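To start, the structure under review is shown below, and the notes come after it.
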Amino acid sequence: MTKPKVFITRNIFPEAIEEIKKVAEVDLWTDDMPPSREILLERSKGVDGILCLLTDRIDGEFMDIAGPQLKVISQIAVGYNNIDIEQASKRGIPVGYTPDVLTHATADFAFTLLMSAARLVIPGHIASHDGSWKTWHPLHFLGQDIYGATIGIVGMGRIGFEMAKRSTGFDMEILYYDVNRREDLEQKLKMKHVGLDELLDQSDFVSIHVDLNPSTKHMFSSDQFRKMKNSSVIINAARGPVIDHMALYSALKDKEIAAAGLDVTDPEPIPNDHPLLTLDNCLIVPHIASATVETRRAMSNLAATNLINGLTGVSLSTCVNPEVDN
Ligand code: DGY
């Protein structure tokens with residue numbers, strides 16, 4: 001019997017690829033850079049499944065060109081704003097994604113960004129290397145207090161809730177904004193559901209954990225920064241376009257807010273002439289919040305399982321559109 005064909009758009013953990021090879025003929029894109037649109041479309045023609053990344057645009061055109069035999073799309077990420085879910089559902093294609101397995105690593109890292117941005121870790125590191133650290137000075141490298149501060153969590157999903165849990169270790173007061181009030185979670189942790197404006201007004205730290213969709217694009221722009229405290233720090237480990245980057249630049253430059261810690265940017269990578277890169281109160285790292293060995297291994301394995309399940313007619317372990325799943 002001929003095996004189904006799959007295209008895997010980047011190297012993942014080898015054991016995950018080996019599992020897929022047991023049931024499918026694998027075409028693996030081994031370059032570190034994503035396949036171009038042309039290559040993605042060409043290599044996906046006639047495949048039964050695709051294992052893709054957030055850098056691959058999987059839209060209706062892709063699905064048409066791949067062909068009607070396409071049975072499953074398996075994304076190795078919890079976010080799936082690169083995939084047109086409506087188009088996939090219309091064609092009856094289940095879309096897998098990788099929630100849960102990356103929750104702790106991502107929340108750990110969001111807290112790392114919070115602490116690093118608040119306490120000027122990177123400027124301190126640079127000063128100790130470039131000779132500008134001349135002496136201990138009472139007024140140098142003054143950051144923001146974390147212990148006992150107020151954190152405003154925007155988006156109380158899995159990662160937002162883990163961020164809240166970490167905040168309790170620092171006796172922080174926890175406010176959150178979410179379109180859905182989470183009384184179930186409020187029973188587990190002392191935290192208060194507030195409107196976005198109240199959260200911005202009262203928080204010392206604002207940490208973004210919403211997914212990217214038309215209603216969250218540029219959710220943070222000049223108006224929102226104006227409502228924040230001058231001493232506040234904003235953290236984004238969700239998706240870059242949730243923040244209007246030029247508005248953030250002005251807010252940081254004009255000291256409307258004290259600092260930002262960004263795991264994600266818009267676009268990615270951030271161009272090296274982007275004005276945000278000229279600011280020493282804007283910490284930027286290359287979308288690495290889930291990048292630990294064990295988390296990326298678990299993401300690889302889960303994405304492989306979803307792919308294999310879709311190919312073999314079994315329900316996906318974690319499916320974005322279960323209404324069209326087996
Ligand atoms: C995701 O999973 O959506 C992250 O952005 C990468 O881990």
Side-chain angles (χ1 to χ4, degrees), residues 8-13 16-17 29 32-35 50-59 72-85 88 94-114 116 153-163 166 178 207-220 234-243 245 260-270 283-307 316-321:
I8 304 179
T9 68
R10 227 66 48 80
N11 250 322
I12 58 173
F13 271 70
I17 294 175
W29 181 254
D32 279 345
M33 294 305 287
I50 179 153
L51 194 154
C52 54
L53 273 66
L54 46 89
T55 44
D56 304 313
R57 181 158 50 87
I58 308 294
D59 53 8
V72 58
I73 297 167
S74 176
Q75 164 102 330
I76 179 170
V78 66
Y80 45 81
N81 52 291
N82 58 309
I83 303 175
D84 190 330
I85 302 298
V95 177
Y97 70 139
T98 62
D100 304 317
V101 293
L102 48 66
T103 300
H104 289 293
T106 306
D108 286 350
F109 195 79
F111 217 89
T112 304
L113 282 177
L114 182 156
S116 309
I153 297 177
V154 179
M156 190 43 70
R158 287 173 286 253
I159 300 170
F161 183 61
E162 286 301 323
M163 190 68 178
R166 282 151 183 74
D178 194 296
S207 192
I208 302 175
H209 300 284
V210 291
D211 59 348
L212 176 62
N213 62 51
S215 73
T216 59
K217 184 163 186 214
H218 287 193
M219 184 179 188
F220 283 82
I234 189 161
I235 303 303
N236 189 6
R239 283 292 182 269
V242 176
I243 294 183
H245 281 30
L262 309 179
D263 179 47
V264 288
T265 61
D266 181 25
E268 290 184 3
I270 190 159
L283 162 57
I284 303 181
V285 294
H287 203 151
I288 55 173
S290 68
T292 70
V293 176
E294 287 315 319
T295 295
R296 288 286 166 86
R297 190 195 307 282
M299 290 168 69
S300 295
N301 289 338
L302 180 51
T305 301
N306 282 334
L307 184 72
L316 309 199
S317 291
T318 43
C319 186
V320 177
N321 52 352

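Counting starts at 1 for both ligands and their atoms, in listed order. Model, not experiment: these values are computed from the prediction.
- A donor and an acceptor atom, one from each side chain of Thr318 and Asn306, are located under 3.5 Å apart.
- Listed by first and then second residue, the salt bridge (Lys or Arg N to Asp or Glu O under 4.0 Å) pairs involving residues 100-113 are Asp100-Arg158, Asp108-Arg166 (not counting sequence neighbours).
- Using a heavy-atom distance under 4.0 Å as the criterion, the protein contacts of ligand 1 are Leu54, Ala77, Val78, Gly79, Leu102, Arg239, His287, Ser290, Met299.
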Inset, instruction - Could you walk me through whether Phe220 and Val154 pass the side-chain contact (heavy atoms from CB on, under 4.5 Å) test, one step at a time? - result: CA-CA 11 Å; Phe220 283 82; Val154 179; 4.0 Å; yes

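- For the residue pair Thr216/Arg239, the side-chain donor-acceptor check at 3.5 Å is not satisfied.
- Looking at heavy atoms from C-beta onward, Asp178 lies out of side-chain contact with Ile153 at the 4.5 angstrom threshold.
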Inset, instruction - Report the C-alpha separation of Val101 and Thr295 in whole Å, then their side-chain angles, then the decisive distance to 0.1 Å, and conclude whether the side-chain contact (heavy atoms from CB on, under 4.5 Å) test is met. - result: CA-CA 6 Å; Val101 293; Thr295 295; 5.6 Å; no

